[in-house]
Amino acid sequence: MTQKRERYNPAASEAAMRKQAVRVWGITLTLASLWTLAIIAAAVARANGLEAVSAPLYSFFSYICHQLPDRSFHLLGEQLGVCSRCFGVYFGILLGVAVYPLWRRIDTIEPLARFWLFLSLVPIGIDWSLTAFGIWENTQASRLITGLILGFACATFIVPAIVEITRNFTYQLAAQ
């Protein structure tokens, strides 16, 4: 055995941690899917006359998004629950969580360098700044794409963080 004793994990322990990580990833993917579906459900419910469903959704999302109609996508003639940039961020998170296991081990808790997260802010910052300074008017597509970039990058930090938090919580409970 070439590893230090403190760093050695038995195979059974590794398998249990991987199984837990997969469960946590599945729950995270489900929550990200439900969040994205709620954004879409607001428009679908309003289009079908279900104001009792759509009104609380729009009200909830109004706390996190300006919901300007001219900056939002519309579905069935109704505005989505958030603007196109916010939708891009949330859909990017959903995509990032969904494909995470395809490019990185699900039980890896070491995050990527924060440089990548800050780099993902550059396109959204440029898009916003150019409009704020009157240099150009951003579009639905530019807001969506820059939101997707940021959301996808965030997902690559969210998944290992949630896996590590769950792992630490589990071991704290087991130690008691």
Side-chain angles (χ1 to χ4, degrees), residues 23-104 106 111-166 169:
R23 271 195 317 269
V24 167
W25 171 78
I27 292 167
T28 305
L29 181 61
T30 301
L31 292 174
S33 298
L34 291 173
W35 185 270
T36 306
L37 286 174
I39 292 168
I40 296 167
V44 172
R46 183 175 280 169
N48 289 303
L50 301 171
E51 200 62 32
V53 174
S54 67
L57 288 172
Y58 282 114
S59 177
F60 172 76
F61 287 119
S62 73
Y63 290 107
I64 57 175
C65 179
H66 57 69
Q67 297 178 327
L68 295 175
D70 60 324
R71 291 181 172 254
S72 300
F73 290 121
H74 290 73
L75 180 66
L76 304 173
E78 297 295 337
Q79 176 181 332
L80 292 184
V82 296
C83 71
S84 55
R85 181 169 287 133
C86 289
F87 183 74
V89 171
Y90 298 129
F91 194 65
I93 290 172
L94 173 61
L95 289 176
V97 170
V99 302
Y100 186 88
L102 299 177
W103 69 279
R104 198 152 189 237
I106 199 75
L112 298 175
R114 278 183 251 150
F115 165 80
W116 295 109
L117 184 60
F118 291 116
L119 187 64
S120 72
L121 288 166
V122 171
I124 208 166
I126 291 171
D127 189 50
W128 179 87
S129 298
L130 291 176
T131 300
F133 293 120
I135 297 170
W136 86 308
E137 184 63 32
N138 56 27
T139 64
Q140 298 280 41
S142 70
R143 290 189 290 266
L144 175 69
I145 291 167
T146 57
L148 280 168
I149 292 167
L150 178 61
F152 194 92
C154 287
T156 64
F157 288 85
I158 291 170
V159 171
I162 293 175
V163 168
E164 183 177 18
I165 289 167
T166 305
F169 184 70

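Excluded from the calculations below are hydrogen atoms, water molecules and symmetry mates; all remaining heavy atoms, backbone and side chain alike, are included. In this text the structure is predicted, and so the values were computed from the model without any measurement.
Taking both residues in full, the closest heavy atoms of L75 and A43 are given as O-CB, 4.0 Å, listed atom of the first, atom of the second, then distance. Nearest heavy-atom pair, C65 versus C83, reported as atom, atom and distance to 0.1 Å: SG-N, 3.1 Å. For I64 against C86, the heavy-atom pair with the smallest separation is O-SG, 4.3 Å. Of all non-hydrogen atoms in P160 and A155, the two that sit nearest each other are CD-O, 4.4 Å.
In this structure, the side chains of S72 and L80 stay at 4.5 Å or more apart for every pair of heavy atoms. The side-chain heavy atoms of T156 and R104, taken from C-beta on, include no pair separated by under 4.5 Å. Two residues are said to be in side-chain contact when any heavy atoms from C-beta on lie closer than 4.5 Å; L148 and L95 meet this criterion. Counting only heavy atoms from C-beta outward, the side chains of S33 and L94 approach each other to under 4.5 Å. Proximity of R71 to N138: side-chain heavy atoms (C-beta onward) are separated by under 4.5 Å at one or more points.
In terms of the salt bridge (Lys or Arg N to Asp or Glu O under 4.0 Å) criterion, R143 has no residue partners (sequence neighbours excluded). Listed by chain and number, the residues in a side chain to side chain contact (heavy atoms under 4.5 Å, CB included) with T139 are A141, S142 (sequence neighbours excluded). When the side chain to side chain contact (heavy atoms under 4.5 Å, CB included) test is applied to R23, the partners found at least two apart in sequence or on another chain are K19, Q20. With sequence neighbours left out, T28 forms a side chain to side chain contact (heavy atoms under 4.5 Å, CB included) with V24, V97, I162.
In this structure, CD on Q140 lies 8.5 Å from NE2 on H74, to the nearest 0.5 angstrom. Between I149 atom CD1 and D127 atom CG the span is 9.5 Å, to the nearest 0.5 Å. To the nearest 0.5 Å, atoms OH (Y90) and CG (L150) are separated by 10.5 Å. Distance CD1/I145 to CD1/I124: 12.0 Å, rounded to 0.5 Å. In this structure, CZ on F87 lies 6.5 Å from CD1 on I39, to the nearest 0.5 angstrom. Residue N48 holds its CG atom at 7.0 Å from CG of L76, rounded to the nearest 0.5 Å.
For residues 111-165, no residue pair satisfies the ring-ring contact (aromatic ring centres under 6.0 Å, His included) rule, not counting sequence neighbours.
Taking the six-membered ring where tryptophan is involved, the planes of W103 and Y100 are perpendicular, since the angle between them exceeds 60° and thus also 30°.
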Which pairs of donor and acceptor atoms, one on a side chain in residues 53-60, lie under 3.5 Å apart (sequence neighbours left out)?
unit_1, atom_1, unit_2, atom_2, d
S54, OG, L50, O, 3.4
Y58, OH, Q79, O, 2.3

Test side chain to side chain donor-acceptor pair (under 3.5 Å) applied to S62 and Q67, step by step: CA-CA 7 Å; S62 73; Q67 297 178 327; 4.7 Å; no
Residue pair L144, F73: steps toward the side chain to side chain contact (heavy atoms under 4.5 Å, CB included) verdict: CA-CA 10 Å; L144 175 69; F73 290 121; 3.9 Å; yes
